[in-house]
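What follows is one structure encoded as structure tokens, with my remarks underneath.
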Amino acid sequence: MNDLQRKDSSMKEQWNESTATAKGLYDPSFEHDNCGIGAVVNIKGIKTHQTVENALKIVENLKHRAGKDADGKTGDGVGILLQISHKFFKKATEPLGIELGGERDYGVGMFFFPQDELKRNQAKRMFEVITEKEGMKFLGWREVPIKPDILGHKALECMPYIMQGFVKKPADVKTGLDFDRKLYVARRVFEQTCENTYVVSLSSRTIVYKGMFLVGQLRTFFTDLHDEDYESAIAIVHSR
């Protein structure tokens with residue numbers, strides 16, 4: 001083996017974090033090239049927590065397709081898209097005095113607000129006003145339970161204040177796409193008005209949990225994700 005081959009072999013060992021083994025034309029040493037994605041679907045449309053659990057296991061095995069900083073403690077981005085679990089959110093919002101109504105009668109927004117309290121309150125109020133102007137009723141806010149102590153220094157330094165907002169479906173608006181279109185309009189107006197807040201998702205059907213994590217940190221950062229009452233029939237994960 002010449003020096004060039006030794007160097008190439010060394011680089012493969014350094015970069016290859018996959019647990020897969022070479023087979024035929026497949027070589028796991030090339031598995032660091034692009035982002036990683038995965039999906040779990042219950043073909044009968046039955047919502048279970050096992051779907052969430054299986055998707056988290058997928059993303060936790062995508063270390064070879066996830067970027068991280070030089071000290072290896074801050075990820076480039078990991079996330080999961082799930083159906084809104086009425087069972088879970090009804091339980092989570094009852095202590096807050098938020099009455100959601102029936103399944104699909106409300107939308108859930110995931111917001112990354114500024115850590116500064118004044119700016120955060122201004123942004124929250126702005127969204128509430130826009131929601132009302134778009135003919136919908138804002139139901140309330142929920143602070144998303146998180147565990148920031150697991151994060152790397154860089155991620156912790158720029159971590160937003162994470163909250164969920166709940167919007168009631170108007171009685172004269174059909175469930176599904178018609179309601180989601182109204183939520184989309186409210187989201188776009190808010191985004192163009194308030195530049196210091198990022199709307200991760202706003203829908204009556206799906207929700208996104210994400211952040212600058214290592215692949216194993218998604219589950220542990222958001223405690224919602226390991227609650228047995230969080231059920232979904234679909235789950236899509238992504239690591240960048």
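Bear in mind that the values here come from a model prediction, so they are computed numbers and not experimental data.
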Checking side chain to side chain contact (heavy atoms under 4.5 Å, CB included) for the pair Gln164/Asp224: CA distance, chi angles, key distance, verdict? CA-CA 12 Å; Gln164 291 165 342; Asp224 288 1; 3.8 Å; yes
Phe111 and Trp141: CA distance, side-chain angles, deciding distance, ring pair (Phe, Tyr, Trp, His ring centres under 6.0 Å) verdict: CA-CA 10 Å; Phe111 294 83; Trp141 295 103; 5.3 Å; yes
In sequence, state the C-alpha distance, the side-chain angles, and the governing distance for Ile162 and Phe113, and then conclude on side chain to side chain contact (heavy atoms under 4.5 Å, CB included). CA-CA 6 Å; Ile162 306 173; Phe113 284 115; over 6 Å; no
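Taking every heavy atom of both residues into account, Lys182 and Pro170 meet most closely at CE-CG, 4.3 Å. The shortest non-hydrogen separation linking Tyr230 to His49 is O-ND1, 2.9 Å. Residues Arg240 and Cys35 approach most closely at CG-SG, 3.6 Å, considering heavy atoms. Residues Pro148 and Leu156 approach most closely at O-CD1, 3.7 Å, considering heavy atoms.
Leu183 and Phe89 fall into different hydrophobic clusters, where Ile, Leu, Val, Met, Phe, Trp and Tyr side chains are chained together by heavy-atom contacts under 4.5 Å. Residues Ile146 and Met212 fall into different hydrophobic clusters, defined by Ile, Leu, Val, Met, Phe, Trp and Tyr side chains chained together at heavy-atom separations under 4.5 Å. Residues Ile98 and Phe138 do not share a hydrophobic cluster, defined by chaining ILVMFWY side chains whose heavy atoms lie under 4.5 Å apart.
By the 6.0 Å contact criterion, NZ on Lys90 is open, its count of non-hydrogen atoms from other residues, nucleotides or ligands being 12 or less. Heavy-atom contacts from other residues, nucleotides or ligands closer than 6.0 Å to CE of Met163 number more than 12. Heavy atoms of other residues, nucleotides or ligands lying less than 6.0 angstrom from CD of Gln115 number more than 12. Within 6.0 Å of CD on Glu132 lie more than 12 heavy atoms contributed by other residues, nucleotides or ligands.
Glu128 has no carboxylate O lying under 4.0 Å from a charged side-chain N of Lys124, or vice versa, which leaves the two without a salt bridge. Using a cut-off of 4.0 Å between Lys/Arg side-chain N and Asp/Glu carboxylate O, Arg205 and Asp180 are scored as salt-bridged. Note on Arg188 versus Glu191: salt bridge recorded, some NZ/NE/NH1/NH2 to OD/OE distance being below 4.0 Å. A salt bridge does not link Lys87 with Asp227: every distance from a Lys NZ or Arg NE/NH1/NH2 to an Asp or Glu carboxylate oxygen is 4.0 Å or more.
By the 4.5 Å heavy-atom criterion applied to side chains, Arg142 and Phe166 are counted as neighbours. For the pair Phe222/Lys147, no side-chain contact is recorded, criterion being any heavy-atom separation below 4.5 Å from C-beta on. Within the 4.5 Å cutoff, the side chain of Ile234 has no heavy atoms near those of the Thr51 side chain. The shortest distance between side-chain heavy atoms of Leu81 and Lys210 does not fall below 4.5 Å. The shortest distance between side-chain heavy atoms of Tyr184 and Ser203 does not fall below 4.5 Å. Using a 4.5 Å cut-off on side-chain heavy atoms (C-beta onward), Val59 and Val78 make contact. Counting only heavy atoms from C-beta outward, the side chains of Ser85 and Asp229 never approach each other to under 4.5 Å.
Arg120 meets the side chain to side chain donor-acceptor pair (under 3.5 Å) test with no other residue; sequence neighbours excluded.
Each of Leu100, Val167, Thr131 was checked for a side chain to side chain contact (heavy atoms under 4.5 Å, CB included) with Leu139, and the lone residue meeting it is Leu100.
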